Amino acid sequence: MKFPWSHTTIVDMIKNDHKVEEKCHKVTADIIAGKLTIAEFVEELGPALTHTDASVRAQGTLLLSNVLKDLPPDGLTGEQLEFVSAFYCDRAKDHNAVTPMVLVGVEALSRMTNLSDAAAVRLLRSMFELITCQSQKKPERTLYFQTIVTLSERKTDALKEWGADFIYGVIGAMEGERDPRNLLYLFEQMPTFIRAYPMHHLAEEMFETFACYFPIDFHPNPNDPVPITRDTLAEKLADCLCATAEMAVFAVPLLVEKLDSSLKVAKLDSLALLGRCLAVLDVKEVEEHHAELWSALKRELFPTGPSSSADKELQEAGYGAMQALAKNASTDESAAKTFLDQILLGVMGSLTDASSKNFEASLQIELACARASSFCAVYVIEKLVPMLLAQLNVDGFVEMRLQNILVDSLQRLMVPCAQWYCWAELDPTLLGQVQKKFIEILMQQPNASEQKRSALKALAAVPEMVTSENRYVVYNTIVNDLLASVDKVPQTDAVEDCLYAFATRNQQEVKTVVLNKLITHDFSTTEQAVTERTFKTLGKLILYHGYMEKMVNFFLSLVFAKPPPADDRLAIVAMDTLTDVVETGNLSQFAKAELYLQYKLLDRFFEYVTDQLTSDYLYSMSRLIAAVVKQLPTDEQKDLILKRLPTLQLQRRSHLYLASGLLGYLDESVPLVDHFESLVNDLSKLALETDDERVRQVCHRLLCSLFNRMPDDDHHRGVLKRLLAVLKAELKKHNHQAVLILGWIGKGLMARGHAEAGEIIDDVAELLDHPTLSHMAALAFEILSLEFPQLHLPLLKSLFKQKLFVWVMKKLEGKMEQYAVAHLKALVFVFKATPHAVLKMNLSKVGPVLLKCLAQDDDHTVVEALTIVGRLIRELDVFVQDHLQSLIPVLLKLVTRQSSMKVRIGSLECLLYICKYPTFLLLPFKQTALIELQKPLDDRKRLVRNAAVAARLQWYLVGSTEEAKDDK
């Protein structure tokens with residue numbers, strides 16, 4: 001028998017060889033290979049295991065435990081495990097210095113596949129009787145708990161036969177545990193354990209084991225690399241307290257007691273636990289606590305005293321608890337009625353007086369109950385509606401504010417009615433009175449009144465309650481409100497909801513009465529905002545079954561009006577509406593099957609458009625075409641390009657916009673090889689020559705998108721080279737447009753990480769020194785940096801913004817002393833697009849540039865620089881601290897710059913947050929700052945005055961006694 005320590009005795013080896021544990025790996029490998037048995041290994045360890053010195057016995061036991069830990073779960077036979085488990089049962093009686101090593105071995109045995117049920121029970125019995133868990137250190141207690149959990153999952157039947165003694169042992173092991181990580185482990189594992197094992201007579205003892213931790217009072221260690229939060233512990237503890245109904249029944253008295261606590265967190269935990277308990281308890285087990293629960297909840301939901309107010313978070317939790325209680329009671333109608341009667345009795349005094357300060361809280365309580373079940377909803381509505389109507393229908397004068405409150409309350413009661421679809425169960429007479437009141441409001445109240453809005457929302461929730469003759473009143477109100485001036489009806493959300501609710505239930509009536517009136521209305525004389533609002537509302541109806549054909553035909557009749565009207569405003573709004581519908585959600589079927597195939601939208605545009613149409617019309621058309629093409633499958637996009645692109649002459653304005661629609665969102669897999677060079681030549685030529693700014697924008701974006709998706713081969717690189725040569729020739733002629741084209745092409749190439757992008761950026765950077773093109777070069781850097789929502793770049797490489805930053809800094813950092821206005825403007829655009837973390841990593845280079853930007857006359861440059869500097873100040877960056885002497889005077893100068901309100905506000909905010917820096921650094925500037933900050937106090941803009949007040953107040957406090965104490 002060959003062991004790694006065969007040349008010396010095992011005892012000497014344990015005492016002198018510090019690498020003994022490493023040698024155990026060879027023993028493990030030999031046991032797995034069958035060269036050695038566990039019995040032989042134990043025999044070799046005999047002198048150490050029976051040594052008179054406890055430390056030697058402990059090390060010998062640890063060697064055996066480590067070998068067992070390294071063995072695979074099926075590494076030992078059942079017979080071998082019987083022998084080893086017997087050894088560990090005996091070793092549990094040993095000195096407490098040996099106990100931690102025993103627990104390592106027992107935990108390893110618990111995972112062995114061939115461990116018998118009897119051996120598992122013996123091991124646990126030895127642990128419970130001979131090893132006190134809470135006298136061990138934290139790692140050993142963790143092993144103790146892991147052993148219990150592992151064996152309880154694997155040996156369920158045997159441990160159930162053991163009975164109450166096993167449960168008692170588990171309780172004894174857990175009692176008094178204080179370590180948060182061990183507690184989290186127990187809280188996560190024990191709910192499954194509690195549900196799997198009968199508690200016998202120990203259910204209350206098991207509950208009390210966890211109840212002592214409720215509510216959780218825990219403050220995590222800020223330096224913990226894997227922190228445990230209080231909320232996590234609280235949530236997992238609640239899982240244990242209500243793991244079964246047997247446990248949850250003890251939780252109700254506990255949480256009632258904790259609701260009396262003055263701690264907010266205790267109340268919130270109690271209310272959360274109540275919701276959990278009610279989900280598993282039968283109403284008969286909770287019914288006896290209804291009175292005390294209601295009493296405790298009332299204290300939280302109703303503020304006491306003349307100036308007190310209820311905590312909003314506690315109120316929301318309280319309403320949730322009321323809903324849970326009502327839902328629990330709803331399983332027994334008799335119990336539910338008793339509970340709801342009790343609640344109503346408690347809030348009736350407030351509900352019968354809308355001016356009461358507790359009216360809102362009382363209504364919220366009843367609404368929470370109504371949301372619990374259909375039975376509760378019917379009960380609450382039938383009880384509350386007469387109370388509210390009685391206050392509305394009094395003979396005397398009712399203050400308008402109270403009328404609004406009462407009508408809004410009626411509307412909110414309709415929400416649970418719609419939720420449970422229980423309108424048919426309500427008293428018909430009562431329902432008739434409610435709808436009569438709402439119809440009266442629609443007929444009598446002015447358009448923008450709160451009551452009318454509430455009435456519309458109520459009718460939208462339960463349109464079934466409106467009688468056939470009264471529905472026409474609703475329809476007229478919808479039409480009138482939609483067509484009313486924006487000044488008279490600023491919000492139409494309630495009108496729209498009402499229209500959609502009736503549209504789904506009374507399709508023919510809505511088509512005949514509402515849609516016909518709206519469609520035949522003369523929108524040419526209607527204000528633009530009303531037209532847009534109405535069209536947007538009608539556009540949403542396209543998605544409703546049965547309305548698509550009517551609505552699409554209406555919009556297309558405006559788009560393709562013959563002859564084209566002089567005022568194409570309606571056509572533009574119609575196209576924008578259709579575009580919004582196509583782009584909203586997953587509507588590819590509408591775009592493809594309806595607009596593209598059935599209505600032949602693209603074919604009709606190609607036949608209809610002429611150069612006489614306005615740019616606004618053509619732009620909206622291109623957006624709609626692009627939205628439809630984007631939703632088409634790749635194969636259909638290919639067919640469309642093959643059919644339509646060769647026919648276009650881009651020098652014609654209308655054809656350019658058609659091309660923009662076709663190519664705007666084209667899939668990157670659709671080939672453009674045959675058309676690429678001609679497209680690039682035509683677009684670049686048009687962009688250089690045209691005076692139409694919008695046409696130039698279309699050309700720029702198409703060029704950017706084309707070069708972004710350009711195949712990287714010799715042919716396409718040749719096209720790029722030739723275009724760059726043309727542009728450089730134009731630059732020699734001082735053509736400003738060539739600079740912008742370079743910027744757009746560079747943007748497309750940079751986004752995909754193309755090699756030529758760096759060369760273009762270098763060319764643009766060199767133009768910053770040009771006497772006449774420097775301003776355009778700075779604008780080109782803005783194009784390179786900004787994101788454009790309507791720009792489609794199919795190929796995007798990660799970190800391209802960081803790469804732009806590196807390229808530009810590498811090109812310009814050597815000329816910092818020579819920076820002109822254009823250089824600084826270009827750099828600040830690049831900084832704006834660069835991730836903040838990258839700027840901070842390069843602050844030694846970026847910081848001085850930002851300080852120079854703040855001293856510029858260009859407001860745009862200063863605003864962007866202030867944004868970045870402001871963020872650095874908020875983070876208390878060291879660079880700012882080191883440059884306060886130059887930064888503060890610059891900021892004080894900016895607070896009175898009259899050319900830009902944004903500059904004044906930005907500089908004042910920076911001065912406000914600078915006060916967070918150490919006092920001794922700020923004191924030299926305090927007097928000057930207070931004098932300069934007095935000037936913007938009289939600024940003509942209110943926002944500037946507000947910012948000045950906040951900043952000056954903070955500077956006034958610099959060096960005060962209170963702040964000095966804080967610094968100490």
Side-chain angles (χ1 to χ4, degrees), residues 579 582-583 586-589 591-592 595-596 602 622-648 650 656-684 687 697-724 741-758 760-761 783-784 786-804 833:
T579 303
V582 173
E583 291 178 345
N586 185 20
L587 297 173
S588 58
Q589 193 61 29
K592 177 191 169 186
L595 292 180
Y596 181 67
L602 271 62
S622 69
R623 284 187 61 226
L624 178 54
I625 291 175
V628 173
V629 171
K630 185 179 180 180
Q631 302 292 347
L632 295 179
T634 306
D635 291 341
E636 296 201 24
Q637 287 186 5
K638 289 179 182 177
D639 295 340
L640 183 62
I641 293 297
L642 287 172
K643 179 182 177 183
R644 290 298 182 182
L645 198 56
T647 65
L648 296 178
L650 298 191
L656 175 67
Y657 281 98
L658 287 170
S660 174
L662 289 176
L663 302 174
Y665 285 99
L666 201 64
D667 190 89
E668 62 186 272
S669 62
V670 177
L672 291 174
V673 178
D674 297 338
H675 313 284
F676 186 81
E677 187 167 5
S678 61
L679 283 170
V680 167
N681 292 337
D682 289 346
L683 290 169
S684 56
Q697 288 179 3
V698 174
C699 293
H700 290 159
R701 297 191 181 207
L702 283 176
L703 282 169
C704 182
S705 184
L706 284 170
F707 280 104
N708 179 258
R709 55 175 291 134
M710 172 186 79
D712 193 11
D713 54 31
D714 292 340
H715 169 68
H716 290 86
R717 281 195 296 272
V719 175
L720 174 61
K721 293 283 187 187
R722 288 190 289 276
L723 176 59
L724 292 177
I741 296 173
L742 269 178
W744 282 102
I745 294 173
K747 184 179 184 70
L749 294 173
M750 180 191 67
R752 62 175 289 178
H754 197 279
E756 297 292 336
I760 294 175
I761 291 170
I783 291 165
L784 284 164
L786 294 182
E787 294 184 8
F788 297 87
Q790 299 297 329
L791 180 63
H792 178 52
L793 298 176
L795 300 178
L796 282 178
K797 190 172 183 179
S798 58
L799 305 180
F800 71 89
K801 292 180 181 178
Q802 290 87 325
K803 198 165 186 177
L804 172 64

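Values below: all heavy atoms of this structure, side chains included; hydrogens, waters and symmetry mates excluded. Predicted model, so just to flag it, every value in this text is computed and none were measured.
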Original post:
Roughly how far, to the nearest 0.5 Å, is the CD atom of Q697 from the CH2 atom of W744?
Top reply: 8.0 Å
Subject >> Interatomic spacing from CG in L663 to OG in S705 - rounded to 0.5 Å >> reply: 7.5 Å
If you look at every heavy atom in [X] and [Y], which pair is closest and at what distance?
X: A833; Y: K801; value: O-CD, 3.3 Å
X: C704; Y: L793; value: SG-CD2, 3.7 Å
X: R644; Y: L648; value: O-CG, 3.6 Å
X: A687; Y: I741; value: CB-CD1, 3.7 Å

Would you indicate whether the side-chain heavy atoms of [Y] and [X] approach each other to under 4.5 Å?
X: L702; Y: L650; answer: no
X: L658; Y: L662; answer: no
X: V628; Y: Y665; answer: no

**OP:** Please determine which of I625, V698, L683 meets the side-chain contact (heavy atoms from CB on, under 4.5 Å) test together with S660.
**Re:** V698
Original post:
Of L640, L595, L624, which meets side-chain contact (heavy atoms from CB on, under 4.5 Å) against L602?
Top reply: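 Of the listed options, the one satisfying the test is L640.
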Subject >> Residues that K721 engages under side-chain contact (heavy atoms from CB on, under 4.5 Å), provided they are two or more places apart >> reply: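 Applying side-chain contact (heavy atoms from CB on, under 4.5 Å) to K721 gives E756, E759.
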Subject >> By side-chain contact (heavy atoms from CB on, under 4.5 Å) - contacts of A627 (at least two apart) >> reply: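 So A627 forms a side-chain contact (heavy atoms from CB on, under 4.5 Å) with T579, V582, E583.
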Original post:
Which residues pass the ring pair (Phe, Tyr, Trp, His ring centres under 6.0 Å) test with H754, sequence neighbours left out?
Top reply: none
For a quick test of your reading: what N or O donor-acceptor pairs under 3.5 Å do the side chains of residues 666-681 make, sequence neighbours left out?
from	atom 1	to	atom 2	distance (Å)
D667	OD2	S669	N	2.9
D667	OD2	S669	OG	2.5
E677	OE2	R722	NH2	3.1
S678	OG	H675	O	3.0
N681	ND2	E677	O	3.2

Original post:
Is there any salt bridge (charged side-chain N to carboxylate O under 4.0 Å, His left out) pair reaching into residues 625-640, and which pairs are they, with sequence neighbours excluded?
Top reply: K592-E636
Let me have the donor-acceptor pairs involving side chains of residues 745-753, under 3.5 Å, with sequence neighbours excluded, atom names and distances please.
from	atom 1	to	atom 2	distance (Å)
K747	NZ	I783	O	3.0
K747	NZ	L786	O	2.4
R752	NH1	N708	O	3.2
R752	NH1	M710	O	2.3
R752	NH2	M710	O	3.2

